[in-house]
Amino acid sequence: MAGMQYSDEQLFEIAKNHYEKLALHCQTLEVSGFWEQARQVMKQSGTEVLDVYIQSLLMQLGISCGNMPKSQLAFVQDVPITNPLGIGEETEIGDNLVRDVDRAYRMPPILIQLCSLYDKERDDDMTGYFIDALLNIMLCLSSLDGGNLDKAGEFIKEYYNKVSHYIDGKSAAEHARYLFLKLNDSCIQCHIEKKVPVPDAEEAKHASSQTEEEDGNPEKEGQAVEDESLQSCEEVDNGEEDESLQSCEEFGDGEIEVCEKQEADCAELGRQDKKGAAGGDMPVAVQSAEVEKEVQQEKTEEEKEAELAAQAKAQFLIVKKRIQEREFAEEQAHEEKIRELMGELNSLVGLENVKQEIQSLINLIKIRKMRRKMQLPEMEMSYHMVFTGSPGTGKTTVARLVAKIYKELGILSEGNLVETDRSGLVAGYVGQTALKVHEIVEQAIGGILFIDEAYSLANPEIQNDFGTEAVDTLVKLMEDHRDNLVIIVAGYTEEMQSFLKSNTGLISRFNKFIDFPDYSRNELVSIMNVMAKNAGLLIEDEAQQKVLLMLEHKKQEEWKDFGNARGMRNLFERFVMNQANRLVMLQEPTREELITIRPEDVAV
């Protein structure tokens with residue numbers, strides 16, 4: 001299993017984020033009526049059962065990996081809204097606890113079963129997102145300090161194989177690919193793009209407006225929501241209904257004992273107060289069994305049902321508001337990072353057309369995301385690109401910025417850049433080229449694979465050239481990893497046109513061309529000034545004029561091999577060496593002399 005590069009604080013925050021999505025799914029089941037039978041049998045809300053299930057699942061994971069450190073026990077305690085198993089940092093994992101946890105873990109996963117039933121009735125896919133969030137929480141726990149990643153990976157595989165059959169419409173190969181990505185991605189993220197479903201479009205619209213006007217008041221928000229969603233719910237099919245009810249009864253026999261055993265402890269811990277700082281108190285007050293019994297006796301069945309519905313809707317709105325606030329904050333952070341990266345791009349000398357092309361690409365991706373949120377049709381889009389132009393015109397620098405921007409836009413998970421060329425892809429023996437391509441692509445997954453002088457892979461003049469094998473393998477891997485890999489090929493304009501025509505699979509995948517023109521003489525001098533500034537040096541004006549004159553007298557055939565910015569780097573390094581040879585002759589050079597490139601240093 002891939003190691004996660006997160007702090008413990010980040011892992012707690014990520015897990016709570018995914019827990020909130022699970023809680024929202026539970027509220028969806030309640031508001032839409034799918035939880036009603038389970039409530040009658042188990043006498044618990046969906047979120048109460050969720051907390052028992054999550055804690056037993058996480059404890060089973062931790063126990064299977066060995067001794068659980070305090071950080072993992074604190075994680076099990078803090079991530080859910082309540083603490084039904086009474087877990088704390090000082091909890092000793094004795095035989096009784098292990099037995100109780102194992103018993104709860106082996107109970108039928110009623111929430112997942114009802115998600116599956118919901119999907120069949122509503123033609124949705126809630127189950128996949130529910131299980132994905134559970135796996136992400138398990139990954140967070142296993143990545144805490146002291147976690148055994150190998151054993152955790154085995155446990156997660158076993159668990160997924162146990163529950164994955166509840167997800168309809170996926171083949172065994174799709175399940176295997178999903179699990180591979182989940183366990184080998186260095187980021188803890190949702191590997192399914194769709195957003196968490198809501199029970200009713202009108203209710204969601206109403207909830208959105210209420211979050212701004214009601215200041216998060218649970219009772220006021222709960223009363224403001226109409227009861228139409230519960231009244232309009234379709235009846236569940238009798239056969240599936242009986243099966244679900246039977247699972248509820250089996251689940252309840254074990255789980256209710258655990259929950260009742262911890263009821264007094266939950267009240268003493270003040271679970272509402274503990275979670276108040278994170279997202280506001282829950283609307284259901286913890287009452288003693290005697291008071292609860294007296295109150296319930298005074299109410300009619302209709303009043304109790306109305307109160308339960310109002311409480312469920314109020315909880316739904318609270319969790320939904322917290323998720324919206326978190327998503328808004330994350331979106332703002334991504335926007336700020338994109339502005340920083342575009343500022344870095346715009347600070348580069350020249351390349352005005354390139355900057356405009358990249359900004360247009362960003363705008364297009366943003367609009368596509370907006371259309372997707374509004375469920376509008378969107379055209380297919382390839383993120384692979386062709387950079388054309390001479391060496392030293394900034395192609396690699398821009399590609400590195402594009403990788404980071406793609407990450408902030410959600411196109412890539414890592415945002416790294418892997419550079420290669422023909423020598424990194426093509427081997428000298430039959431069968432080895434495909435292996436080299438696989439290796440380099442694996443390094444680039446989650447980021448951009450930048451292939452410089454890509455045209456050298458296709459040389460029709462050489463018979464039995466292994467470059468063709470490299471291209472064929474590359475095209476296949478582009479399709480296999482299309483969701484988390486972008487390839488940028490670069491080279492001279494004419495040669496790149498011929499390269500793309502060498503394989504029909506390339507033309508359809510590379511339809512975005514960005515041309516990098518040669519720098520002007522003045523731009524090259526400006527680039528040298530940037531190099532000098534980064535090195536803590538200053539080039540005198542007279543020295544700059546001498547550099548410009550040197551460039552203007554360069555012959556046409558010399559420019560082809562000069563290399564634009566690369567050529568300026570070579571010149572600058574020569575000037576720095578000349579300065580060192582001059583200063584070493586001085587007994588005690590001043591600070592100003594140490595940082596200044598003078599006209600006499602400008603020589604080759």
Stacked cation flag Lys182 on Tyr160, 6.0 angstrom / 45 deg =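 Checked: cation-pi criterion not met.
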[X] side chain near [Y] side chain, heavy-atom distance below 4.5 Å:
{"X": "Tyr383", "Y": "Leu361", "result": "no"}
{"X": "Leu348", "Y": "Val354", "result": "no"}
{"X": "Ser456", "Y": "Asp421", "result": "no"}
{"X": "Glu340", "Y": "Lys337", "result": "yes"}
{"X": "Thr473", "Y": "Thr433", "result": "no"}
{"X": "Leu551", "Y": "Tyr519", "result": "no"}
{"X": "Glu523", "Y": "Leu351", "result": "no"}
{"X": "Ile451", "Y": "Leu474", "result": "yes"}

Any donor-acceptor N or O pair under 3.5 Å, side chains [X], [Y]:
{"X": "Gln359", "Y": "Asn363", "value": "yes"}
{"X": "Thr127", "Y": "Asp119", "value": "yes"}
{"X": "Asn564", "Y": "Thr393", "value": "no"}

Between [X] (side chain) and [Y] (backbone), is there a donor-acceptor pair under 3.5 Å?
{"X": "His384", "Y": "Ile487", "value": "yes"}
{"X": "Lys120", "Y": "Asp168", "value": "no"}
{"X": "Ser116", "Y": "Tyr166", "value": "yes"}
{"X": "Gln544", "Y": "Ile539", "value": "yes"}
{"X": "Arg569", "Y": "Met531", "value": "no"}

Under the salt bridge (Lys or Arg N to Asp or Glu O under 4.0 Å) test, which residues partner Arg566, sequence neighbours left out?
->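 With sequence neighbours excluded, Arg566 shows a salt bridge (Lys or Arg N to Asp or Glu O under 4.0 Å) to Asp452, given in chain and number order.
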From [X] atom [atom1] to [Y] atom [atom2], the distance as rounded to the nearest 0.5 Å:
{"X": "Ile448", "Y": "Thr396", "atom1": "CD1", "atom2": "OG1", "answer": "11.0 Å"}
{"X": "Ile411", "Y": "Leu485", "atom1": "CD1", "atom2": "CG", "answer": "13.0 Å"}
{"X": "Leu50", "Y": "Gln27", "atom1": "CG", "atom2": "CD", "answer": "9.5 Å"}
{"X": "Leu345", "Y": "Ile362", "atom1": "CG", "atom2": "CD1", "answer": "8.0 Å"}
{"X": "Ile440", "Y": "Leu449", "atom1": "CD1", "atom2": "CG", "answer": "6.5 Å"}
{"X": "Asp515", "Y": "Thr493", "atom1": "CG", "atom2": "OG1", "answer": "5.0 Å"}

[atom1]/[X]: more than 12 non-hydrogen atoms of other groups inside 6.0 Å:
{"X": "Glu494", "atom1": "CD", "answer": "no"}
{"X": "Met577", "atom1": "CE", "answer": "no"}
{"X": "Lys554", "atom1": "NZ", "answer": "yes"}
{"X": "Lys366", "atom1": "NZ", "answer": "yes"}
{"X": "His553", "atom1": "NE2", "answer": "no"}
{"X": "Lys157", "atom1": "NZ", "answer": "no"}

What are the two closest non-hydrogen atoms of [X] and [Y], and how far apart are they?
{"X": "Ala565", "Y": "Leu524", "answer": "N-CD2, 4.2 Å"}
{"X": "Gly467", "Y": "Val426", "answer": "CA-CG2, 3.9 Å"}
{"X": "Ile445", "Y": "Asn416", "answer": "O-OD1, 4.2 Å"}
{"X": "Gly153", "Y": "Leu183", "answer": "O-CD1, 4.1 Å"}
{"X": "Ile14", "Y": "Cys140", "answer": "CG2-SG, 3.7 Å"}
{"X": "Gly128", "Y": "Ile167", "answer": "CA-CD1, 3.9 Å"}

What do the steps show when you test Leu144 against Leu141 for side-chain contact (heavy atoms from CB on, under 4.5 Å), and what is the final call?
-> CA-CA 6 Å; Leu144 287 170; Leu141 176 73; 4.1 Å; yes
How are the rings of [X] and [Y] set relative to one another: parallel (under 30°), tilted (30 to 60°) or perpendicular (over 60°)?
{"X": "Phe130", "Y": "His25", "value": "tilted"}
{"X": "Phe387", "Y": "Phe516", "value": "tilted"}
{"X": "Phe562", "Y": "Trp559", "value": "perpendicular"}

With a 4.0 Å cut-off, would you call [X] and [Y] a salt bridge?
{"X": "Glu336", "Y": "Arg339", "answer": "yes"}
{"X": "Glu479", "Y": "Lys476", "answer": "no"}
{"X": "Glu439", "Y": "Lys436", "answer": "no"}

Assess whether salt bridge (Lys or Arg N to Asp or Glu O under 4.0 Å) is satisfied between Glu352 and Lys355, documenting all intermediate values.
-> CA-CA 5 Å; Glu352 298 307 320; Lys355 297 170 185 176; 3.5 Å; yes
Assess whether side-chain contact (heavy atoms from CB on, under 4.5 Å) is satisfied between Tyr455 and Glu453, documenting all intermediate values.
-> CA-CA 5 Å; Tyr455 52 83; Glu453 298 181 348; 3.7 Å; yes
Identify the residue among Asn522, Ile527, Val525 that makes a side chain to side chain contact (heavy atoms under 4.5 Å, CB included) with Val349.
->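 Passing option: Ile527.
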Phe450 and side chain to side chain contact (heavy atoms under 4.5 Å, CB included): which partner among Thr420, Val398, Val489, Ile488?
->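 Single pass found, and it is Ile488.
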Between Tyr406 and Ile365, is a side-chain contact (heavy atoms from CB on, under 4.5 Å) present by the stated rule, with each step listed?
-> CA-CA 9 Å; Tyr406 272 3; Ile365 294 173; 3.7 Å; yes
Stepwise side-chain contact (heavy atoms from CB on, under 4.5 Å) check, Lys512 with Val386 | CA-CA 6 Å; Lys512 185 67 178 176; Val386 180; over 6 Å; no
